[in-house]
Asks: 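I'd like to ask you about the structure that follows.
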Amino acid sequence: MEGVRVGFLGVGYFVPPKILSNADLEKMVDTSDAWITTRTGIKERRIAADNVATSDLAKEAALAAIKDADLTPLDIELIIIATITPDMQFPSTACIVQDKIGAKKAACFDISAACAGYLYAIAIAEQFIKAGIYKNALVVGAEKLTAITDWSDRNTCVLFGDGAGASVMGKVEGDKGILSVYLGADGTQHDILKLPAGGSRLPASHKTVDERLHYLKMSGSELFKHAVKIMTEAGERAAKIAGLNSPQEIDCVIPHQANVRILNAVAKKIGIAEEKIYFNIERYGNMSSASTAVALAEAVIAKRVKKGDIILLDAFGSGLVWGAIIIKW
Ligand code: UT7
C-alpha cells in the first residue's frame with residue numbers, strides 16, 4: 001500500500017551478565033589481547049550460562065521492546081526471530097518466545113539470514129504491516145553463538161558473543177520510518193562461513209562430533225574482502241533508493257559488528273565520517289543477527305540516535321547475505 005510508512009514503535013536489548021575478556025582467552029588459546037584488539041577491535045564479549053538458550057535472551061529483549069512501545073505481549077500480532085542458533089531445529093524459537101512472553105495472538109516464525117538476519121526480518125515485517133495484514137510485529141535478532149564456538153580454535157573463538165536485540169514495528173505518521181530497504185545474497189560463497197553438521201547433509205553422528213563439525217567454521221580473510229565491498233555497495237544502494245542527495249545526510253550508521261577494520265574501511269569508501277559509526281564490538285564481539293539489533297537499541301536508548309535523524313543499518317554475513325536499510329527516526 002503506497003503511502004503507508006512503517007517504523008519502530010519500541011526497542012530493547014539484553015546481554016547476559018558474564019564477561020569473557022581477551023585476558024581470559026589468553027589462558028584458553030594461543031592468542032593475545034594485542035592481537036585481538038588490533039585485528040578486530042574486540043576487548044570482551046558476553047557468554048550465556050549453560051542453562052540459557054537463545055529464546056531466553058530473546059525473551060528479555062522482546063519484553064523490553066514491547067514495554068518501550070507502550071504495548072503488552074497480547075497486542076503483538078507477529079513475531080519474527082532472526083537467528084542461526086535456534087533453541088533447536090524445530091519448533092521455531094519464535095514459538096518458544098511467544099510462549100515465554102505470553103504473546104498468544106501472534107503468528108510466529110524464524111528466519112535464517114545470519115548476520116543480516118535482523119535486517120531481513122525488518123524487511124519482512126515492513127511488508128506485512130504495509131499490506132495491512134498485521135498492525136505490528138516484534139522483530140528480534142538473538143544468538144547464543146558461544147554454543148557453536150570451538151573453544152580450541154583461535155581463528156574463531158575470539159570473535160563471537162551472545163545477546164539479543166528487539167524492536168516492535170508498526171505504522172508511523174509523518175515522514176519518519178523506513179525510507180529504503182536493499183537486500184541481497186551470493187550463494188556461490190555459501191562455503192566460507194558455516195556450521196557443517198547437524199542438518200540433513202551431515203546429521204549428527206559420533207564421526208561428526210569427533211571431527212568437531214558441530215562448530216562454526218570460517219575463512220576469515222576471504223570474508224573480510226567480501227565484507228568491505230558488499231557493505232559499501234549495500235549502504236550506497238540503500239541511500240540512493242531512499243533518495244538521499246549524499247551519504248553525508250546520514251547521521252548515524254548502525255552496522256553489523258564483525259570487525260572495526262571492516263567498518264572503518266566501509267565508512268571511508270562510502271564517504272561517512274568514522275564518528276558517525278555506532279560501535280559496540282569492543283564490549284560484545286560479533287553477535288551475528290543480534291549485533292545490529294542490539295546496536296540499534298543501545299544507540300536509541302543512549303540518545304545517540306535522535307528524533308529526525310537519518311540512520312543506516314548495514315549488515316553482511318554467512319550465505320553470503322547482506323542488507324542495508326535507511327530509516328528516518
Ligand atoms: O559476521 C559475519 C562476517 N564475518 C566477517 O566478516 C569476519 C571477517 N574477517 C575478519 O574479521 C578477519 O579476517 C579476522 C579477524 C577473522 C582475522 O583477521 P586477519 O587479519 O584476516 O587474520 P588472518 O586470518 O589472515 O590471520 C593472520 C594471522 C595468522 O597467522 P599466520 O598464518 O600469518 O602465521 C593466524 O593464524 O593471525 C593468526 N591468528 C591469530 N593470532 C593470534 C588468527 N587468529 C588469531 C588469534 N590470535 N586469535
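These numbers come from a predicted model, not from an experiment. Start at 1 with the first residue, then count along the sequence. Atoms within a ligand are numbered from 1 in the order they appear, just like the ligands themselves.
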Asks: Between D150 and R212, is the closest basic N to carboxylate O distance under 4.0 Å?
Replies: yes
Asks: Could you identify the single nearest non-hydrogen protein atom to atom 48 (N) of ligand 1 and state the distance to 0.1 Å?
Replies: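 Checking every protein heavy atom, the shortest distance to atom 48 (N) of ligand 1 gives R154 O, 2.9 Å.
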Asks: Out of N155, I192, T156, which residue meets the side-chain contact (heavy atoms from CB on, under 4.5 Å) rule with M218?
Replies: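 Testing M218 for a side-chain contact (heavy atoms from CB on, under 4.5 Å) against N155, I192, T156 leaves exactly one candidate, T156.
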Asks: Do you see a protein non-hydrogen atom under 4.0 Å from atom 37 (O) of ligand 1?
Replies: yes
Asks: Taking 4.0 angstrom as the limit, do D162 and R45 come out as a salt bridge?
Replies: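 Salt bridge between D162 and R45, a charged N being under 4.0 Å from a carboxylate O: no.
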Asks: Show me which atoms of ligand 1 lie under 4.0 Å from any heavy atom of V158.
Replies: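 The atoms of ligand 1 under 4.0 Å from a heavy atom of V158 are 48 (N).
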Asks: Heavy-atom contacts under 4.0 Å between F224 and ligand 1: side chain, backbone, both, or neither?
Replies: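 The answer is both, backbone and side chain.
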Asks: Please check if a non-hydrogen protein atom sits closer than 4.0 Å to atom 21 (O) of ligand 1.
Replies: yes
Asks: Of the backbone atoms (N, CA, C, O) and the side-chain heavy atoms from C-beta on, which set of T31 has a member under 4.0 Å from an atom of ligand 1: side chain, backbone, both, or neither?
Replies: both
Asks: Measure the SG-CG distance between C115 and L193 for me, rounded to the nearest 0.5 Å.
Replies: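 Between C115 SG and L193 CG, I get 6.5 Å after rounding to 0.5 Å.
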Asks: Just need the protein heavy atom nearest to atom 7 (C) of ligand 1, so name the residue and atom and give the distance.
Replies: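 Checking every protein heavy atom, the shortest distance to atom 7 (C) of ligand 1 gives M218 CE, 4.0 Å.
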Asks: Around atom 11 (O) of ligand 1, find the nearest protein heavy atom and jot down its residue, atom name and distance.
Replies: N259 ND2, 2.7 Å
Asks: In this structure, does ligand 1 have an atom that sits under 4.0 Å from one of the heavy atoms of E222?
Replies: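 For ligand 1, residue contact (heavy atoms, under 4.0 Å) with E222 is absent.
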Asks: Quick one: do R283 and E298 make a salt bridge, cutoff under 4.0 Å?
Replies: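 Salt bridge present between R283 and E298.
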Asks: Run the salt-bridge test on E282 and K43 with the 4.0 Å N-O cut-off and return the result as yes or no.
Replies: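 Salt bridge absent between E282 and K43.
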Asks: Which option out of T40, N155, N22 puts a heavy atom nearest to atom 15 (C) of ligand 1?
Replies: T40
Asks: Would you say Y134 and F8 are hydrophobically clustered, going by side-chain heavy atoms of ILVMFWY under 4.5 Å?
Replies: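 Same hydrophobic cluster.
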Asks: Of all the non-hydrogen atoms in the protein, which one sits nearest to atom 9 (N) of ligand 1, and at what distance?
Replies: G220 O, 3.0 Å
Asks: Under 4.0 Å, heavy atoms only, figure out whether ligand 1 is touched by the backbone of R261, its side chain, both or neither.
Replies: side chain
Asks: Does S318 reach ligand 1 with a nitrogen or oxygen that is under 3.5 Å from one of the ligand's nitrogen or oxygen atoms?
Replies: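 Min N/O separation from ligand 1 is not below 3.5 Å for S318.
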Asks: Yes or no, since that's all I need: does a protein heavy atom fall within a distance strictly under 4.0 Å of atom 41 (N) of ligand 1?
Replies: yes
Asks: Are Y215 and W151 close enough that their ring centres sit under 6.0 Å apart?
Replies: no
Asks: Which residue supplies the protein heavy atom nearest to atom 6 (O) of ligand 1, what is that atom called, and how far is it?
Replies: I262 CD1, 3.6 Å
Asks: Go through ligand 1 atom by atom and flag the ones less than 4.0 Å from a non-hydrogen atom of C115.
Replies: 1 (O), 2 (C)
Asks: Please report whether atom 29 (C) of ligand 1 has a protein non-hydrogen atom at a separation of less than 4.0 Å.
Replies: no
Asks: Below 4.0 angstrom, N of the basic side chain to O of the carboxylate: do K328 and D309 qualify?
Replies: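 Not counted as a salt bridge, because no side-chain N and carboxylate O are separated by less than 4.0 Å.
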Asks: Suppose we measure from atom 27 (C) of ligand 1 to each protein heavy atom; which comes out shortest, and what is that distance?
Replies: R39 NH2, 3.6 Å
Asks: Salt-bridged, K207 to E211, with N to O below 4.0 Å?
Replies: yes
Asks: Closest non-hydrogen protein atom to atom 39 (N) of ligand 1, residue and atom name please, with distance?
Replies: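 The answer is W35 CZ2, 3.4 Å.
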Asks: Any idea which protein heavy atom is nearest atom 5 (C) of ligand 1, and the distance to it?
Replies: A258 CB, 3.9 Å
Asks: Under 4.0 Å, counting heavy atoms only: does N286 come that close to any atom of ligand 1?
Replies: yes
Asks: Check this for me: does any side-chain nitrogen of one of E233 and R237 sit under 4.0 Å from a carboxylate oxygen of the other?
Replies: no
Asks: What part of S221, side chain, backbone, both or neither, has a heavy atom within less than 4.0 angstrom of ligand 1?
Replies: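 Both of them.
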Asks: State whether the number of non-hydrogen atoms from other residues, nucleotides or ligands found under 6.0 Å of K100 atom NZ is greater than 12.
Replies: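 Count over threshold, so yes.
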Asks: Just checking K217: does its NZ atom have more than 12 heavy atoms from other residues, nucleotides or ligands closer to it than 6.0 angstrom?
Replies: yes
